[in-house]
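Written below as structure tokens is the structure these notes are about.
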Protein chains: 2
Amino acid sequence: MTTAATDPGEACNNLALRRAARYLGATYDRALAPAGLRATQFSILQKLSAYGEMTIGSLADMISMDRTTMASNLKPLAREGLVTVEPSAADRRARIVALAPDGLSRMKTALPLWREMQARFEERFGQGEAARLRACLDGVLDTGFEPWAE
Amino acid sequence: MTTAATDPGEACNNLALRRAARYLGATYDRALAPAGLRATQFSILQKLSAYGEMTIGSLADMISMDRTTMASNLKPLAREGLVTVEPSAADRRARIVALAPDGLSRMKTALPLWREMQARFEERFGQGEAARLRACLDGVLDTGFEPWAE
DNA sequence: CGCCAATAGGAGCATATGCTCGTATCGTTC
DNA sequence: GAACGATACGAGCATATGCTCCTATTGGCG
């Protein structure tokens with residue numbers, strides 16, 4: 001036998017989360033691949049579509065991503081003409097991210113793929129279970145550790 | 001008001017998972033920083049400590065990580081002398097990863113930090129809730145999508 | 001024995017993630 | 001209006017993640 005029964009690392013909350021995130025991330029990536037989008041890219045376009053243009057920082061906060069990470073994630077999208085990143089007229093420090101026409105149509109192409117992936121996941125995992133899991137995960141963000149502070 | 005109430009993206013299982021993983025990952029990283037380890041690096045050393053030496057692929061499977069990702073994650077650890085990566089005598093295709101003495105002591109340094117982080121998380125999130133969350137996340141891995149297959 | 005599918009991995013690429021440090025700007029305060 | 005702290009970023013760095021294509025090796029099969 002292995003020493004699995006005595007492995008305390010099995011109880012690591014972070015490892016459990018990362019494993020599941022890698023797994024589901026790859027699954028969603030694959031589901032969205034026909035539209036030429038990664039799951040994260042879809043999230044970005046979807047948020048821009050739902051909330052309209054905003055600064056890089058606001059967009060980053062919206063999906064709990066670091067500002068600098070969002071900035072580099074926007075580069076491939078801007079290169080493909082799916083989003084525009086323009087200096088703000090009102091505040092010249094800020095750069096405003098907006099969904100370009102191609103980005104909107106790309107998002108609309110990906111939307112049914114996303115919906116089908118959601119449905120497939122919830123079919124296997126349980127619709128109520130999935131909703132509870134999402135609520136639970138949102139609760140993790142409210143534990144108040146604020147790892148980004150100082 | 002925003003259009004938040006009509007944002008279907010709020011129900012994205014993958015986004016919920018990634019957000020929480022980024023958040024908790026940063027929190028665990030910070031907790032382990034005094035030991036000079038990232039959370040993922042700690043997981044690797046911990047698994048090697050619990051299960052002994054193994055191939056790169058086996059180690060990758062153990063934490064649901066891609067083989068090539070594990071290979072590159074091992075490089076900084078090998079550079080610091082925390083692990084050794086040596087060709088297998090039995091199978092010259094395989095490379096065996098083993099915990100070096102420095103790696104064991106580093107892991108033992110990080111262990112109380114990890115335990116304290118676990119305790120702090122479970123204090124705020126709820127011990128039973130955390131256990132249920134981990135079980136739920138393990139369940140995600142059993143949905144059978146196998147995103148790595150062709 | 002020779003061939004071949006399967007296995008284990010490396011190289012190179014692209015994106016993802018987030019840090020530190022530095023820059024530009026803004027708003028307030030004296 | 002000059003100084004200063006806060007805000008919004010960018011650049012450069014390092015690690016994380018995983019893909020495709022490639023090589024080396026193994027084990028089985030005719």
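What you see is a predicted model; the values in this text were computed from it and never measured. Just so it is clear, the values below take in all heavy atoms, side chains as well, and ignore hydrogens, waters and symmetry mates. Chain letters run A, B, ... following the sequence lines, proteins first, then strands; residues in each count from 1.
Checking each of A:Thr68, A:Val97, A:Asp61 against A:Ile56 for a side-chain contact (heavy atoms from CB on, under 4.5 Å) leaves exactly one that passes, namely A:Val97. Here the rule is side-chain hydrogen bond (donor to acceptor under 3.5 Å, both in side chains) with A:Glu10, and of B:Gln46, B:Arg134, B:Lys47 only B:Lys47 fits it.
Across the helix from C:dC1-D:dG30 to C:dC30-D:dG1, the helix axis at one end is tilted relative to the axis at the other end by 0° (nearest 10 degrees, each axis from five pairs).
On a pure distance criterion of 3.5 Å, no polar donor-acceptor pair joins the side chain of A:Arg92 and the base of C:dT25. For C:dG9, its base sits under 3.5 Å from the side chain of B:Arg67 at one donor and acceptor pair at least.
Within the 4.0 angstrom heavy-atom criterion, only backbone atoms of the sugar-phosphate kind lie near B:Ala71; the bases stay farther away. Using a 4.0 Å heavy-atom criterion, one finds that A:Ser72 contacts the bases of the nucleic acid, with or without backbone contacts as well.
Note: CZ (B:Arg30) to P (C:dC19) measures 7 Å, nearest angstrom. In this entry the distance linking CD of B:Glu86 with P of C:dG10 reads 12 Å, nearest Å. Here C:dG9 presents its P atom at 12 Å from CE of B:Met54, a figure rounded to the nearest Å. Atom CG of B:Leu74 and atom P of C:dA8 are 16 Å apart (whole Å).
Residue whose closest nucleotide on DNA chain D sits further toward the 5' end, between A:Ile96 and A:Ala21: A:Ile96. Taking for each of A:Met65 and A:Arg93 the nucleotide of DNA chain C with the nearest heavy atom, the 5'-most of the two is the partner of A:Met65. Both A:Thr68 and B:Asp91 lie close to DNA chain D; mapped to their nearest nucleotides by heavy-atom distance, the more 5′-ward contact belongs to A:Thr68. Position along DNA chain C of the nearest nucleotide to B:Val85 versus A:Thr69 favours B:Val85 as the more 5'-ward residue.
Using a 4.5 Å heavy-atom threshold, the side chains of B:Tyr23 and B:Arg19 count as separate. Side-chain contact between A:Asn13 and B:Glu122 is present, with at least one heavy-atom pair separated by less than 4.5 Å. Considering only heavy atoms from C-beta on, A:Met107 stays 4.5 Å or farther from A:Leu82 through its side chain.
Ranking C:dG9, C:dC26, C:dC19 by closeness to the A:Asp66 side chain, first place goes to C:dC19.
Ionic pairing of B:Glu129 and B:Arg132 is present here: one or more N-O contacts between side-chain nitrogen and carboxylate oxygen are shorter than 4.0 angstrom.
With a cutoff of under 4.0 Å to any heavy atom of chain B, the contacted region of DNA chain D is bounded 5' to 3' by D:dT15 to D:dT26.
At least one donor-acceptor pair closer than 3.5 Å links the side chain of B:Arg22 to the backbone N or O of A:Ile63.
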Show the numbers, then the answer: is there a side-chain contact (heavy atoms from CB on, under 4.5 Å) between A:Met62 and A:Met54? CA-CA 10 Å; A:Met62 191 159 286; A:Met54 67 187 84; 4.1 Å; yes
B:Glu86 and B:Glu53: CA distance, side-chain angles, deciding distance, side-chain contact (heavy atoms from CB on, under 4.5 Å) verdict: CA-CA 10 Å; B:Glu86 299 291 341; B:Glu53 62 181 35; over 6 Å; no
